[in-house]
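Keep in mind that what you see is a predicted model, and the values were worked out from it rather than measured.
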Amino acid sequence: MADDPAVVDQAAEARVAEAVPAAVRELMATLRAAGHAVFVVGGSVRDVLIGREPLDWDLATDARPEQMLELLAGAVYENAFGTVAVRRDGRPYELTTFRSDHEYADFRRPHRVEFGDALEDDLARRDFTVNAMAWGYRRGEPDPSLVDPHGGRADAAQRILRAVGDPGARFSEDALRMLRAIRLATTLEFEVEPATRAAIHRHAGLALH
């Protein structure tokens, strides 16, 4: 008998919620108190779901960098991509405004970054489905949720590495994603799914730029 998806989702949410460090919860609570959406995103969610200890806990929020600087003591903003750095309990954490990239310049960096208010738009620009999951709080909602619009949870359970959307487009935007695919597949013992693997072969030359 197949698992009930609702029960599985609740179990996955509970696993991530239990793993989030106190310092990350404090940062999230500060942004929530100011009325912002805030989520743990990317590799930390993936690692918890596959039973691996996360190395980093990155956050994404609808708060703009200047708002985070006002809200988070000791925060530093020194880039053009919406990422604010802050230290808590001796560890660095990065918080990035929801964004979308436009017109990649050199198969590596976007010409410009546009800040946004939608988590789903931010997740759609990420590299692989297992890195396009988030856990946290939408604006005004009291309870956290696990957000997985690209099937990352199912791919993580099957240990499959799959590009978000069109793999050729993802690798044309940022050629280093192909190297990241190989590294992740090796270190996490994942299998690169056929369409993503074929796109790596087709676009391998871009990594030389």
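A pairwise comparison of heavy atoms in H150 and A124 identifies NE2-CA, 3.7 Å as the closest pair. What you find for D47 and P54 is that their closest heavy atoms are OD2-CA, 3.7 Å. Residues F128 and A181 come closest through the heavy atom pair CZ-CB, 3.5 Å. Smallest separation of non-hydrogen atoms from I50 and R15: N-NH2, 4.2 Å. Between A19 and W57 the shortest heavy-atom distance is O-CZ2, 3.5 Å. Closest of all the heavy-atom pairs between P65 and T97 is CD-OG1, 3.3 Å.
Counting only heavy atoms from C-beta outward, the side chains of F98 and D121 never approach each other to under 4.5 Å. Between R52 and L188, some side-chain heavy-atom pair lies under the 4.5 Å cut-off.
Exactly one residue among T61, V84, L95, L31 makes a side chain to side chain contact (heavy atoms under 4.5 Å, CB included) with L71. That residue is L31. Checking R183, R177, R162, R180 one by one against D127, the salt bridge (charged side-chain N to carboxylate O under 4.0 Å, His left out) holds for a single residue, R180.
Between E120 and R138 there is a salt bridge, with a side-chain nitrogen of the basic residue lying less than 4.0 Å from a carboxylate oxygen of the acidic one. In summary, E191 and R159 do not engage in a salt bridge, as defined by a charged side-chain N under 4.0 Å from a carboxylate O. One finds no salt bridge joining R99 and D117 here, because no Lys/Arg side-chain nitrogen approaches an Asp/Glu carboxylate oxygen to under 4.0 Å.
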task = Take N131 and L184 through the side-chain contact (heavy atoms from CB on, under 4.5 Å) test and state the conclusion after the steps.
result = CA-CA 11 Å; N131 293 337; L184 286 174; 3.8 Å; yes
key: Audit row: D58, V40, side-chain contact (heavy atoms from CB on, under 4.5 Å) steps and yes/no   = CA-CA 6 Å; D58 295 329; V40 173; over 6 Å; no
task = Evaluate side-chain contact (heavy atoms from CB on, under 4.5 Å) for R87 paired with Y93, printing each intermediate quantity in order.
result = CA-CA 6 Å; R87 295 188 71 87; Y93 297 97; over 6 Å; no
ask   = Checking side-chain contact (heavy atoms from CB on, under 4.5 Å) for the pair Y77/M68: CA distance, chi angles, key distance, verdict?
value = CA-CA 9 Å; Y77 178 52; M68 287 189 272; over 6 Å; no
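Remark: side-chain polar atoms of T83 are not paired, donor with acceptor, to backbone N or O of T96 under 3.5 angstrom. Listed for the R170 side chain is a donor-acceptor partner under 3.5 Å among the backbone atoms of V164. For the pair D166 (side chain) and G168 (backbone), a donor-acceptor distance under 3.5 Å is present. A donor-acceptor pair under 3.5 Å is absent between the side-chain atoms of R64 and the main chain of Q67, judged by distance alone. In terms of modelled atom types and a separation under 3.5 Å, the side chain of E13 and the main chain of L146 share a donor-acceptor contact. A donor-acceptor pair is defined here as one N or O able to donate and one able to accept, closer than 3.5 Å; such a pair exists between the side chain of D174 and the backbone of L176.
Looking at residues two or more places apart in sequence or on another chain, you find a side chain to side chain donor-acceptor pair (under 3.5 Å) between R126 and D122. Shown here are the side chain to side chain donor-acceptor pair (under 3.5 Å) partners of H36, two or more places apart in sequence or in another chain: D62. The side chain to side chain contact (heavy atoms under 4.5 Å, CB included) test applied to A17 returns R25, W135, not counting sequence neighbours. Legend: residues meeting side chain to side chain donor-acceptor pair (under 3.5 Å) with T129, ordered by chain and number and at least two apart, are D155. Considering only residues two or more places apart in sequence or on other chains, S44 meets the side chain to side chain donor-acceptor pair (under 3.5 Å) condition with none of them.
More than 12 heavy atoms of other residues, nucleotides or ligands sit less than 6.0 Å from atom CD of E141.
Cluster annotation: V38 and V16 are assigned to the same hydrophobic cluster (Ile/Leu/Val/Met/Phe/Trp/Tyr, side-chain heavy-atom contacts under 4.5 Å, transitive). Note on Y137 and V20: same hydrophobic cluster, where clusters join Ile, Leu, Val, Met, Phe, Trp and Tyr whose side-chain heavy atoms are under 4.5 Å apart, directly or indirectly. In the hydrophobic clustering of ILVMFWY residues, with side-chain heavy atoms under 4.5 Å counting as a link, V45 and I160 come out apart. Under the 4.5 Å side-chain heavy-atom criterion for ILVMFWY residues, a single connected hydrophobic cluster contains both F190 and F171. Residue M133 is not grouped with residue V147 when hydrophobic side chains (ILVMFWY) are merged at heavy-atom distances under 4.5 angstrom, including chains of intermediate members.
F39 CZ to L59 CG: the interatomic distance, rounded to the nearest 0.5 Å, is 11.0 Å. Here CG of L161 is found 11.0 Å from CZ of R197. Values are rounded to the nearest 0.5 Å.
Within the hydrophobic cluster formed by Ile, Leu, Val, Met, Phe, Trp and Tyr side chains joined at under 4.5 Å, directly or through other members, I182 stands alone, with no partner residue.
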